[in-house]
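All chains are named by letter (A, B, ...) in the order of the sequence lines, taking the proteins before the strands, and each is independently numbered beginning at 1.
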Number of protein chains: 2
Amino acid sequence: MKQSDEGAGPAAPSRRKDARRNKETLLEAAAAVFVTSGVDAPVRDVASRAGVGLGTLYRHFPTRADLIIAVYRHQVEACAEAGPALLATAATPHSALRQWIDLFVDFLVTKHGLAAVLRSDQAGFGALHDYFLDRLLPVCAELLDSAVTAGEIRADIDALTLMRGVGNLCIGAESDPDYDARRLAGVLVDGLRRPD
Amino acid sequence: MKQSDEGAGPAAPSRRKDARRNKETLLEAAAAVFVTSGVDAPVRDVASRAGVGLGTLYRHFPTRADLIIAVYRHQVEACAEAGPALLATAATPHSALRQWIDLFVDFLVTKHGLAAVLRSDQAGFGALHDYFLDRLLPVCAELLDSAVTAGEIRADIDALTLMRGVGNLCIGAESDPDYDARRLAGVLVDGLRRPD
DNA sequence: CGACGATACGGAACACTGTTCCGTTTTGGC
DNA sequence: GCCAAAACGGAACAGTGTTCCGTATCGTCG
């Protein structure tokens, strides 16, 4: 309902060897191109780097967002799993929240243009936005709730607003050494503390 | 050196009546189109709404950024002038800073897509970015310095980082009622307070 | 081993941008 | 009224994402 391969299982790999190989090649090419040219790199660059035609790329990844999701899925999963872990090990819920936000910011800041495209309303990027939210919002909400329940922070900021805010703070951070998104995110999380 | 009409005086208006009229018409058309379709609206929409050709538009506003700057110049000026005024009337420098940030956020949030394009690295938008910074950064720096000097806030966030952060927080705020950029900016400014 | 249908491939073609260019039209001074 | 300078209009160019379909390849089945 949300995406092609989310509705009915893990999307059985093709029976054809060339198809499987091309998909793998495309993922590697995309990862390489994203590192050097950012996630906004022309689709043609990815296809040609992989040595395949545009049609092939689009069959495997119907939209640009699907390609980006596939490339970064592992890291998003890792970030999602880190939430509960931090909650268990950190001194306080607020500390866990702060550390988790740091993780999230580091992830975004090291992917050229990801934060920007994450927020984009451009057609076709909705899937990307949705994926991140589906996967990470519950994690953020749990951390936030814990901190609120512990009385450490104010209760008038919801998880969605916080995540979008932090994501927005990361936009452009990778291309400007004078802009310190990490510190800014830290200030934001500081600002959540109960005004008292 | 920076822009067409900034280097050598206020850019003498054309001696031809049709040229002056078209420029005015274009500004009105642009303002109208920006309100309904955002500042990302196709240039063609502005030209056709104004009833002129593309060539005419581009002669008056060599780049899209010039058009946007011209449309919002008044409001940017007003925001810039509000800085010293707030510093003089507010109870504390931090309060003045907060109120000024509120003004800035309100301005950005009410202009569809302005915050996004302000931050954009797209070719041709540098002028827009530079204009905002030239005009508002000194104002922000003064407010920030006053608050730091008064010992109200931490000193490790510079004006550029703060402005870009606040600008980023506003991205997408106009198209999502669940995202409260104003409140988030308030939290950020709260977070600037000396941790003590 | 040799068809043969399903599957996947490649890249030309399309739609939609911003921007440039230049032949044509309009204007204002003489 | 004439004419050079200025401005106009929109076709044409360049760079995107995306679609489409004729062709090539693969895996199976006889």
Could you pick out which residue, A:Arg21 or A:Pro42, lies toward the 5' side of DNA chain D when each is mapped onto its nearest nucleotide? A:Pro42
Reading nucleotides 8-13 of chain C 5' to 3', which nucleotides get B (base under 4.0 Å from a protein heavy atom), which S (sugar-phosphate only), which -? SBBBBB
Nearest-angstrom distance from the residue atom [atom1] of [X] to [atom2] of [N]:
| X | N | atom1 | atom2 | answer |
| --- | --- | --- | --- | --- |
| B:Asp45 | C:dC16 | CG | P | 12 Å |
| A:Phe61 | D:dG17 | CZ | C1' | 16 Å |
| A:Lys17 | C:dA6 | NZ | C1' | 18 Å |
| B:Leu57 | D:dG9 | CG | P | 11 Å |

Going by the angle between their ring planes, with limits at 30° and 60°, are B:Tyr72 and B:Phe107 parallel, tilted or perpendicular? perpendicular
Would you kindly say whether B:Ser146 and B:Glu142 are connected by a side-chain donor-acceptor distance under 3.5 Å? no
For A:Asp158 and A:Thr161, test the side chains for any donor-to-acceptor distance below 3.5 angstrom and give the result as yes or no. yes
Looking across every strand, which nucleic acid part, if any, lies under 4.0 Å from B:Ala65 by heavy atom: base, sugar-phosphate, or nothing? nothing
Intermediate values then yes/no, side chain to side chain contact (heavy atoms under 4.5 Å, CB included), A:Phe125 and A:Leu118: CA-CA 7 Å; A:Phe125 289 100; A:Leu118 193 58; over 6 Å; no
State which residues pass side chain to side chain donor-acceptor pair (under 3.5 Å) with B:Arg135; sequence neighbours excluded, sorted by chain then number. B:Glu77
Verify the neighbour count for atom CZ of A:Arg15: are there more than 12 heavy atoms of other residues, nucleotides or ligands below 6.0 Å? no
